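In what follows, a structure is listed as structure tokens, so that the remarks can point back to it.
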There are 2 protein chains.
Amino acid sequence: MTDDGTTTVLVVDDDPQVVRALRICLNAHGYRVLTASDGAAALRAADQGPDVVVLDLGLPDLDGVDVITGLRRVTTAPIVVLSARLDSADKVRALDAGADDYVTKPFGVDEFLARLRAAVRRSTRRPAEVAEPPVRAASFTVDLTAKKIHRDGVEVHLTPTEWGLLEALVRAGGEVLSPQRLLTQVWGPTYASATHYLRVYLVQLRRKLEPDPAHPRHLLTEPGRGYRFQP
Amino acid sequence: MTDDGTTTVLVVDDDPQVVRALRICLNAHGYRVLTASDGAAALRAADQGPDVVVLDLGLPDLDGVDVITGLRRVTTAPIVVLSARLDSADKVRALDAGADDYVTKPFGVDEFLARLRAAVRRSTRRPAEVAEPPVRAASFTVDLTAKKIHRDGVEVHLTPTEWGLLEALVRAGGEVLSPQRLLTQVWGPTYASATHYLRVYLVQLRRKLEPDPAHPRHLLTEPGRGYRFQP
DNA sequence: CCGGACCTTTACGCGGTCTTGACGGCCGCC
DNA sequence: GGCGGCCGTCAAGACCGCGTAAAGGTCCGG
């Protein structure tokens with residue numbers, strides 16, 4: 001949302017008629033509108049930080065699901081999918097890929113606007129209700145919602161698995177987590193006895209986060225019981 | 001929560017698609033999942049003691065509010081309501097009936113998981129607060145929940161086996177425990193006759209905890225009957 | 001097709017912990 | 001007084017958990 005409170009909508013559709021109609025309609029209701037006519041342009045436009053994306057499936061250049069996953073890498077803005085298809089399989093695929101709502105054409109303007117409002121409301125309300133403040137340790141900070149680590153002011157890159165492990169430890173808030181618990185949570189129940197992974201990844205994390213990896217101050221091992229995060 | 005720390009979620013929804021998606025998603029995040037497709041089944045499944053219930057309103061057999069009140073009679077586990085309705089009146093009624101949170105469909109997976117964690121966290125914090133107070137002896141204190149020993153203000157390190165033995169003795173609260181009893185409890189039923197272990201570890205414990213290990217005042221042996229903890 | 005990021009797996013050294021055996025004192029019993 | 005069972009003590013060796021490095025292996029994007 002821009003600082004004056006205006007909500008920006010990115011409309012992605014290859015039919016100029018539809019784009020024009022939506023632009024007029026949305027402008028009339030006080031939205032700022034960006035447009036893109038194909039998937040590539042949509043991904044570029046997403047850099048401008050829209051608050052919500054209206055996406056037509058069936059673009060000329062890219063598959064719909066690919067566009068969604070591509071957008072998800074760039075932005076967390078809600079995605080409302082437009083589609084002529086009634087098939088519920090498409091719907092599930094789109095939602096699984098990261099879409100937030102799905103409207104089948106033809107649709108009523110009122111319903112469309114209501115869903116748009118709902119999508120925006122959900123996304124802007126979320127940080128207020130479930131936002132968790134960054135957790136601070138002496139040598140680094142962990143931002144659980146932004147999924148970012150900072151150390152001495154610079155961002156530290158973690159691989160997905162490393163992040164999963166750190167997240168589990170941090171969320172436990174200082175409690176000791178048994179190896180079984182950590183493994184099922186990070187690798188899945190199948191790996192409940194693969195204690196070796198833990199050692200390997202604990203080393204990685206300590207190397208990236210601890211000032212002195214050999215004598216950890218925050219990622220501690222409780223011999224015989226598991227691991228613990230010390231804030 | 002099961003003994004390995006896994007959290008069990010009861011998912012109640014009449015749409016098999018949704019149930020399936022949630023099951024996969026929750027399993028992937030280390031939860032154990034139970035399911036029910038209508039209100040009656042939900043009430044039955046609640047007997048298995050889930051740690052949290054995810055409840056879709058709009059079930060075929062019972063009204064949503066009735067399901068919530070019914071569940072509340074059986075379990076104190078937090079209830080997270082799913083609903084397609086945006087109406088805030090429904091939300092208020094559900095929350096008033098005993099639900100803990102309310103998520104409107106469609107919802108983001110991250111948000112859902114965050115709310116689930118929040119609900120579980122709220123409900124499991126309580127036992128942590130009712131933690132049993134440390135047991136005091138003249139020369140040391142035992143904190144059974146933190147698994148820590150202090151002597152003259154400094155923490156004493158115990159090995160897992162030492163801790164297991166001490167814990168068994170302390171929890172008996174002054175009663176005499178037979179060697180068989182102690183051995184099966186600490187080492188397992190296979191070791192019920194390995195009385196030698198007891199002697200070895202009693203020595204260790206006394207050396208670490210007693211002011212005069214040769215004349216113990218708290219870890220006493222009752223000749224011919226077993227051992228006893230004297231607070 | 002290549003290179004890189006990431007995950008998985010193997011190997012090894014170290015230190016703490018457990019197990020085991022030996023020994024000596026204490027006590028009741030033969 | 002000798003003897004055997006029970007208990008305490010010590011120390012050596014086996015064993016296991018943990019940390020660490022590094023070699024495959026897989027997948028994806030250029």
Side-chain angles (χ1 to χ4, degrees), chain A residues 39-40 43 62-63 65-66 69-70 72-74 147 149 155-166 169 176-183 186-188 190-228, chain B residues 28 147 156-166 169 176-180 182-183 185-188 190-210 212-228:
Chain A
L43 295 178
L62 292 175
D63 179 62
V65 171
D66 293 340
T69 56
R72 270 286 160 267
R73 264 195 282 279
V74 186
K147 302 206 173 207
I149 314 287
E155 186 176 339
V156 178
H157 171 73
L158 295 188
T159 73
T161 309
E162 287 165 359
W163 173 261
L165 182 55
L166 181 64
L169 286 167
V176 181
L177 291 178
S178 70
Q180 289 70 25
R181 184 84 193 274
L182 282 170
L183 286 162
V186 179
W187 279 268
T190 330
Y191 294 73
S193 56
T195 59
H196 194 86
Y197 286 6
L198 281 181
R199 284 180 239 129
V200 174
Y201 276 88
L202 253 300
V203 169
Q204 316 257 69
L205 280 178
R206 295 206 252 244
R207 195 153 39 203
K208 288 185 177 182
L209 300 177
E210 293 277 0
D212 180 3
H215 304 96
R217 295 170 51 197
H218 304 109
L219 300 168
L220 307 179
T221 128
E222 298 283 330
R225 306 207 284 131
Y227 294 89
R228 180 167 70 83
Chain B
K147 303 208 172 202
V156 179
H157 173 73
L158 295 189
T159 74
T161 310
E162 287 165 359
W163 173 260
L165 182 55
L166 180 65
L169 286 167
V176 183
L177 290 177
S178 71
Q180 288 70 25
L182 282 170
L183 285 162
Q185 198 158 335
V186 179
W187 279 268
T190 332
Y191 294 73
S193 56
T195 60
H196 188 69
Y197 286 4
L198 281 182
R199 283 181 237 124
V200 173
Y201 276 90
L202 255 301
V203 169
Q204 316 258 70
L205 280 179
R206 296 206 252 244
R207 192 152 43 201
K208 288 185 177 182
L209 300 177
E210 294 277 1
D212 179 4
H215 304 95
R217 295 170 51 196
H218 304 108
L219 300 168
L220 308 179
T221 127
E222 298 284 330
R225 306 203 288 130
Y227 295 88
R228 179 167 71 84

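Just so it is clear, the model here is predicted, and its values are computed rather than measured.
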The criterion is side-chain contact (heavy atoms from CB on, under 4.5 Å); which residues satisfy it with A:Leu177, sequence neighbours excluded? A:Leu169, A:Ala172, A:Arg181, A:Leu182
Contact class for B:Thr221 vs. all strands (heavy atom < 4.0 Å): base, sugar-phosphate, or nothing? sugar-phosphate
How would you list all residue pairs meeting salt bridge (Lys or Arg N to Asp or Glu O under 4.0 Å) that involve residues 201-223 of chain A, not counting sequence neighbours? A:Glu162-A:Lys208, A:Glu222-A:Arg225, A:Glu222-A:Arg228
Please list, in 5' to 3' order, the outermost nucleotides of DNA chain D lying under 4.0 Å from any heavy atom of chain A. D:dC18 to D:dA21
From CA spacing to verdict: side chain to side chain contact (heavy atoms under 4.5 Å, CB included), A:Leu220, A:Val176: CA-CA 9 Å; A:Leu220 307 179; A:Val176 181; over 6 Å; no
Students often get this wrong, so: under 4.0 angstrom with heavy atoms, is B:Ala194 touching a base, only sugar-phosphate, or nothing? nothing
List the protein contact pattern of nucleotides 12-30 of chain C with one symbol per nucleotide (5' to 3'): B for base contact, S for sugar-phosphate-only contact, - for none; contact means a heavy-atom distance under 4.0 Å. -----SBBBBB--------
Contacts of B:Ala192 meeting side-chain contact (heavy atoms from CB on, under 4.5 Å) (sequence neighbours excluded), chain-then-number -> B:Thr184
When every non-hydrogen atom of B:Tyr191 is compared with those of B:Trp187, the smallest separation belongs to CD1-O, 3.4 Å
Between A:Pro179 and A:Arg207, whichever has its closest DNA chain D nucleotide further toward 5' is A:Pro179
Does the side chain of B:Leu166 come within less than 4.5 Å of B:Leu219's, by heavy atoms? yes
Is there a side-chain contact between B:Leu205 and B:Leu158 in this structure, where contact means two heavy atoms from C-beta onward sitting under 4.5 Å apart? yes
side-chain hydrogen bond (donor to acceptor under 3.5 Å, both in side chains) involving A:Trp163 - partner list, sequence neighbours excluded: A:Glu167
Between C1' on C:dT8 and CG on A:Leu165, what's the gap in Å once rounded to a whole number? 15 Å
